[in-house]
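No experiment lies behind these values; they were computed from the predicted model shown. Ligands are counted one by one from 1 in listed order, and the atoms in each one are counted from 1 as well.
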Amino acid sequence: MQIIRLHALSDNYIFVLYDKTQNVAAVIDPAQADPVLQQIDRLSAKLVAIFNTHHHYDHIGANLQLIEKFPGVKVYGGAEDRGRIPGQQVFLQSGDRVQFADRMGEVIFVPGHTRAHIAYYFPPEKTGEVGELFCGDTLFAGGCGRLFEGTPQQMVDSLQKLATLPDSTRIWCAHEYTLKNLQFALTVDRENTELQKRYIEVQAVRQRGEATIPSVLGIEKCTNPFLRYSQPTVQLATKSQDAVQTFARLRGMRDKF
Ligand code: ZN
Ligand code: FE
């Protein structure tokens, strides 16, 4: 399975999955139709699936146009998003499986950013492969999504579920927020040398105009404050000794950053 990263809107990423053998493609969170259609055209592939993580417009914006172009395409989303995702046909719950070509993806229910948010995890199947996580606006490189419809406790639980995946898992999140996320991270975890190193690397990557996505889960665990709410240093910065309260305060501080 090949993964192609496309840019959309101001800072969104759309991911196209491509299987060469069957010549089929799928798309994760199509914000806009044009980049997707151009890519499918370049591949001369058939679009067979749209995998939506949640109902926000910058993740579902192209659903209807893509259905029009590829009437056989199957549209997947969370069961709790019923009525909010245009063209949705498959209503997924935690633990459900989705198939794309020869790969099997697992659905992880991750409410917090919205009450219905899901992530798609494709575990490695052969040696040399790594797991691929498409987590929408839940876990970001260096950060996490805003809490629009969920509580801090829900988001902590959701991020905890993602953190149990193997450290080598690649994180395909939907926005390029990494630089600003790490700038914020440094304000609450400034002694973290891994974080300092990552910030310098990301600065260079962005100066070259390149993408910081995918990230890797093991790196997130060492540098992302929204996975480090149990660390004494981070708790000191938020003046709390409780994990969920630390998380809630971090999220509040990041909202105003
Ligand atoms: Zn969103
Ligand atoms: Fe978004």
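You'll find the ring centres of H56 and H117 outside the 6.0 Å limit. Checked against the 6.0 Å centroid threshold, Y13 and H175 do not count as a close aromatic pair.
For the side-chain hydrogen bond (donor to acceptor under 3.5 Å, both in side chains) condition, the pairs that include at least one residue of residues 211-220, sequence neighbours left out, are E176-T212, T178-T212, R198-S215, R198-E220, S215-E220, E220-N224.
A heavy-atom distance below 4.5 Å is not found between the side chains of V107 and Q93.
Of the inter-residue distances, the one linking T114 atom OG1 with D137 atom CG reads 8.5 Å to the nearest 0.5 angstrom. With rounding to the nearest 0.5 angstrom, the CG atom of L159 is 9.0 Å from the CZ atom of F226.
Only protein N, O or S atoms were scored, and 4 of them lie under 2.8 Å from the Zn ion (ligand 1).
Using cut-offs of 30° and 60° on the angle between ring planes, the pair W172 and F15 is perpendicular.
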Show me the donor-acceptor pairs within less than 3.5 Å that the side chains of residues 31-47 make with the rest of the protein, sequence neighbours left out.
from	atom 1	to	atom 2	distance (Å)
Q32	OE1	L9	N	2.9
Q39	OE1	R42	NH2	2.8

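The Fe ion (ligand 2) has D58 OD2, H59 NE2, D137 OD2, H175 NE2 as its protein N, O or S neighbours under 2.8 Å.
Counting only distance, with no hydrogens or angles, the side chain of H113 and the backbone of R146 share a donor-acceptor pair below 3.5 Å.
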